[in-house]
Amino acid sequence: MNIYAKSIVSAFVATVVLALLLLLKSAMGLMPQLNTIHMLAGLAHGMLGLPATPVVGWIIHFLIGTVLWGVLFALLYAVLPGRSAVSKALLFATGAWLLMMLIPLPLSGAGLFGLHIGLMAPVMTLILHWIWGAVLGLTFAALSKRAISA
């Protein structure tokens with residue numbers, strides 16, 4: 001399996017874990033005003049005319065989390081600081097979080113760093129991105145070990 005395939009598979013696994021956490025957050029009623037899926041669906045509707053439905057939001061979420069970030073992680077892996085896949089992935093996830101704070105959140109009306117939602121918005125999203133990054137790095141490392149031992 002080449003680095004792109006490992007990275008995309010790892011990003012998909014991480015995005016599934018993140019999706020489960022988002023569903024759990026929603027079921028628990030935590031910060032309902034911070035709804036990434038609703039935000040993505042609204043942006044897709046406003047910018048592309050796509051239906052503003054949760055299905056569209058979930059598709060975009062998985063495309064970004066799996067394809068965009070998966071390919072970029074593979075491209076940047078060799079130059080990311082860190083000695084392990086996990087440390088590299090955590091740094092990468094922090095960069096993905098920063099981009100989210102600077103582009104889609106302001107475009108969706110949530111303000112820079114989502115501060116119109118509240119001070120917990122950047123904190124909660126950073127924690128979720130770090131969990132995504134940890135899963136990305138752990139899965140990538142496991143796939144890399146499997147490739148070496150195979």
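FYI, the numbering just counts along the sequence from 1. Note: hydrogens, waters and symmetry copies are ignored here, and every other heavy atom, side chains too, is used.
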Undergrad: Quick one: are L126 and M101 in side-chain contact, heavy atoms under 4.5 Å?
TA: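 Not touching, per the 4.5 Å side-chain cut-off.
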Undergrad: Restricting to non-hydrogen atoms, name the atom on L50 and the atom on H45 that form the minimum distance, rounded to 0.1 Å.
TA: O-ND1, 2.8 Å
Undergrad: List the atom of A93, the atom of G133, and the distance in Å for their closest heavy-atom pair.
TA: CB-CA, 3.7 Å
Undergrad: Any chance CG of L48 has more than 12 other-residue heavy atoms, nucleotides or ligands included, within less than 6.0 Å?
TA: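 Yes.
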Undergrad: Which residue is it: W69, F113, W132? I am looking for the one with a ring-ring contact (aromatic ring centres under 6.0 Å, His included) to W97.
TA: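 Answer after filtering W69, F113, W132: F113.
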Undergrad: What are the two closest non-hydrogen atoms of W130 and L90, and how far apart are they?
TA: O-CD2, 3.3 Å
Undergrad: Please report the shortest heavy-atom distance between M100 and T125, naming the atom on each side.
TA: CE-CG2, 4.1 Å
Undergrad: Evaluate the ring planes of F12 and F62, with Trp represented by its six-membered ring, and classify them as parallel (under 30°), tilted (30 to 60°) or perpendicular (over 60°).
TA: tilted
Undergrad: Can you name the closest pair of heavy atoms from P106 and L112 and give their distance?
TA: CG-CA, 3.8 Å
Undergrad: L43 versus P104: any side-chain heavy-atom pair under 4.5 Å?
TA: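 Yes, side chains in contact.
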Undergrad: Please report the C-alpha distance between H129 and T94 in whole Å, then the side-chain angles of each, then the deciding distance to 0.1 Å, and finally whether the side chain to side chain contact (heavy atoms under 4.5 Å, CB included) criterion is met.
TA: CA-CA 7 Å; H129 275 82; T94 303; over 6 Å; no
Undergrad: Taking S108 for its side chain and L105 for its backbone only, find out whether a donor-acceptor pair lies under 3.5 Å.
TA: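 Yes; at least one donor-acceptor contact below 3.5 Å.
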Undergrad: Can you find a pair of side-chain heavy atoms, one from V56 and one from T53, that are under 4.5 Å apart?
TA: yes
Undergrad: So which atom in M1 and which in L143 form the shortest heavy-atom distance, rounded to 0.1 Å?
TA: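 The pair with the smallest heavy-atom distance is SD-CD1, 4.3 Å.
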Undergrad: For Y77, look at atom OH and say whether over 12 heavy atoms of other residues, nucleotides or ligands are found less than 6.0 Å away.
TA: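 Yes - once you tally the heavy atoms of other residues, nucleotides and ligands closer than 6.0 Å, there are more than 12.
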Undergrad: Working to the nearest 0.5 Å, report the span between CD of Q33 and CE of M120.
TA: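 Reported to 0.5 Å precision, the distance equals 10.5 Å.
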Undergrad: Let me see the working for I131 and L18 under side chain to side chain contact (heavy atoms under 4.5 Å, CB included), right down to the final yes or no.
TA: CA-CA 7 Å; I131 292 168; L18 180 57; over 6 Å; no
Undergrad: Examine distances only and state if a side-chain atom of H61 and a backbone atom of L40 form a donor-acceptor pair shorter than 3.5 Å.
TA: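 Not a single qualifying donor-acceptor pair exists.
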Undergrad: Measure the spacing between CD1 of I117 and CE of M124 and express it to the nearest 0.5 Å.
TA: 10.5 Å
Undergrad: Quick one: do L91 and K88 satisfy side chain to side chain contact (heavy atoms under 4.5 Å, CB included)? Show the steps, please.
TA: CA-CA 5 Å; L91 182 62; K88 289 173 180 276; 6.0 Å; no
Undergrad: Supply the atom-to-atom distance I60 CD1 to I37 CD1, rounded to the nearest 0.5 angstrom.
TA: 9.0 Å
Undergrad: State, yes or no, whether a side-chain contact exists between L128 and L22 at a heavy-atom distance under 4.5 Å.
TA: yes
Undergrad: Starting at CH2 of W58, measure out to OG1 of T15 and round the result to the nearest 0.5 Å.
TA: 10.0 Å
Undergrad: Does L34 offer a backbone N or O that forms a donor-acceptor pair with the side chain of K25 under 3.5 Å?
TA: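 Side chain of K25 to backbone of L34, a donor-acceptor pair under 3.5 Å: yes, one is there.
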Undergrad: Is the closest side-chain heavy-atom distance between V71 and S7 below 4.5 Å?
TA: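 Counting from C-beta outward, V71 and S7 never come under 4.5 Å.
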Undergrad: Where do L72 and F92 land on the side chain to side chain contact (heavy atoms under 4.5 Å, CB included) test, with the steps shown first?
TA: CA-CA 9 Å; L72 279 175; F92 181 78; 3.8 Å; yes
Undergrad: Decide whether S84 and S87 meet the rule of one side-chain donor and one side-chain acceptor closer than 3.5 Å.
TA: yes
